[in-house]
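Atom set for the values below is all heavy atoms of this structure, side chains included, hydrogens, waters and symmetry mates excluded. The shown structure was predicted, so the numbers you read here are calculated from the model rather than taken from an experiment. Note that ligands are numbered from 1 as they come in the structure, with each ligand's atoms numbered from 1 the same way.
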Amino acid sequence: MNDKETSLRSLPAVDSLLAMPKVATLVKDWGKKCVTQAARTAIEKARAAILKDGATTPENWPEIIVKVIALDQEPTIRHVINLSGVVSHTNLGRARLAEEAVVAAAAAGASNVNLEYSLENGGRGERDTLVENLIVRLTGAEAATVVNNNAAAVLLALNTLAFGKKTIVSRGELIEIGGSFRLPEIMEKSGCHLAEVGTTNRTHLADYEKAIGPDTALVLRAHTSNFRVVGFTTKPELTELAVLCHQQGIPLMDDLGSGALIDLGDLGLPSEPTVEETISQGADIVTFSGDKLLGGPQAGIIAGRREYIDRIRGNPLKRALRPDKMILAALEATLRLYICPEVAAQHIPTLRHLSRPMVEVRRMAERAAAIIRGHFKLEAEVTVIDDICRAGSGALPEVDIPSASVAILHRKMNPNQLAAWFRGRRTPIIGRVERDLFRLDMRTMDEPERELDTGGWGDK
Ligand SMILES: *Cc1c(COP(=O)(O)O)cnc(C)c1O
């Protein structure tokens, strides 16, 4: 008999592993099914190692079984450090919530709440009213409702207001947002008929006027979130379009995308139309995201005239698109911060990061550079460079925001290998390679000593 056969023969049976005192203790914590499965997996792994590598039969079975169980409990949704140069990165889960929103969401998750229950009379309540008053107060709208995300908000509004009828959109605004949101396709799925007007670069008020007919249900404006058309361009002012629509008795909807609640100009950024301005200029329905510039949880907010909001709320699809209690709690907490805009600008990470002064960003970069130098020592050249970053998720398109990055040149790894190395940390660090240089953008860095925890830089 050769060594392999001896090793295979000495592999224990599942039952004999379960009879070991240490394994029996595991059963108390994890239950019989889980530990039996883990024991089986441990034996299978040992068998494979013997056959493939000529390994010997392991002795420390309880420890191996503990590891198998632990591996099963490891989350696949992992915390990553976003130093990508995109402040609100859709692929990295967009907004980091304000502490107040985190606490509110966790509390709502852990307890029962008055989600659809009136604490006044013990009867049924309406989940929308929980945040409606706040949205109304912050936007000047008559009423508001909340769904899962802004794509759902657009779908629901179109389906309610224009099903089987014509919706007029400028050819310059037939947008595609990342992740397969294409306005013409959403319109088709909502059951309304798209009537395109104007051209890619120029659409006049008269184009809208000519297109409006008896079967027109809606005029839709969409924020060209992720691109800009420059040069020979024109489009009517929102106020002009609103006057035209109201003369014809047709509602005007504006899909704002980002939906700033405060003037970004006050934060030293280029201005975006705020929801309040859009409504005061005559839009009857405004849709926007909860997790873009607003900096809250993923949600789609529909604000506007009460008669339309009531119809939207009554649509059976609303039930399929509604948010849960944790989202509503996080949204409420985020919106409450906006009552005091200066507090919102400091407490909401998206706003704080976008508006930070350059001296602070550079200071972060210096601190981070020192830590990274300390780790790589002579293996890498680590410098602080002036850089530019983007707001991301379709906000402030093509606007360069000044920033500072830590740039790393490694003697043994090329920039892409370096990017992969940082992604491979226990807490993955997401940077970017630009012009042959690996960079970690510091506009979104809060605490280098904690976030760049080199003690946790072992392989995962
Ligand atoms: C981002 C965006 C959407 C989609 O919003 P989500 O919250 O990602 O669903 C729709 N319209 C516009 C104009 C956008 O910018």
heavy-atom search around atom 15 (O) of ligand 1 in the protein gives Ser225 OG, 2.4 Å
| query | Between Thr427 and Asp453, does any side-chain donor sit less than 3.5 Å from a side-chain acceptor? | reply | no
The closest protein heavy-atom partner of atom 10 (C) of ligand 1 is Asn150 ND2, 3.2 Å
Original post:
Can a donor-acceptor pair be found between the side chains of His347 and Glu99 at a distance below 3.5 Å?
Top reply: no
Review point. Does Arg221 come within less than 4.0 Å of ligand 1, judged by its heavy atoms?
Key: no
re atom 2 (C) of ligand 1, the protein heavy-atom contact at minimum distance is Lys292 NZ, 2.4 Å
(message) Test your reading of the structure: does Ser258 have an N or O sitting under 3.5 Å from an N or O of ligand 1?
(response) no
Looking only at heavy atoms, the pair that brings Asn150 and Ser289 closest together is CB-OG, 3.2 Å
Q | Trp421 and Phe438: CA distance, side-chain angles, deciding distance, ring pair (Phe, Tyr, Trp, His ring centres under 6.0 Å) verdict | A | CA-CA 11 Å; Trp421 186 87; Phe438 177 70; 9.3 Å; no
**OP:** Answer with yes or no whether Leu183 contacts ligand 1, where contact means a heavy atom under 4.0 Å from a ligand atom.
**Re:** no
Looking at Ser393, Ala299, Ser289, the heavy atom closest to atom 6 (P) of ligand 1 belongs to Ser289
The residue among Leu238, Leu218, Ile285 that forms side chain to side chain contact (heavy atoms under 4.5 Å, CB included) with Leu252 is Leu238
For Ile175, the atoms of ligand 1 under 4.0 Å from one of its heavy atoms are 13 (C)
Within 4.0 Å of some non-hydrogen atom of His223, the atoms of ligand 1 are 13 (C)
Note: ligand 1 atoms sitting under 4.0 Å from heavy atoms of Ala151 are 4 (C), 5 (O), 6 (P), 9 (O)
Check: Is any NZ, NE, NH1 or NH2 atom of the basic residue among Glu276 and Arg137 found under 4.0 Å from an Asp or Glu carboxylate oxygen of the other?
Finding: no
For Gly257, the ligand 1 atoms with a heavy-atom partner under 4.0 Å come out as 12 (C), 13 (C), 14 (C), 15 (O)
**Asked** Any N/O of Asp255 closer than 3.5 Å to an N/O of ligand 1?
**Response** yes
Of Thr444, Asp441, Asp387, the one forming a side-chain hydrogen bond (donor to acceptor under 3.5 Å, both in side chains) with Ser403 is Asp441
* **Cation-pi geometry met for Arg202 and Phe232 (6.0 Å, 45°)** => yes
Checklist entry - Under 30°, 30 to 60°, or over 60°: which ring-plane class applies to Trp457 and His375, parallel, tilted or perpendicular? => result perpendicular
Per-atom filter on ligand 1: closer than 4.0 angstrom to a heavy atom of Arg94 are 6 (P), 7 (O), 8 (O)
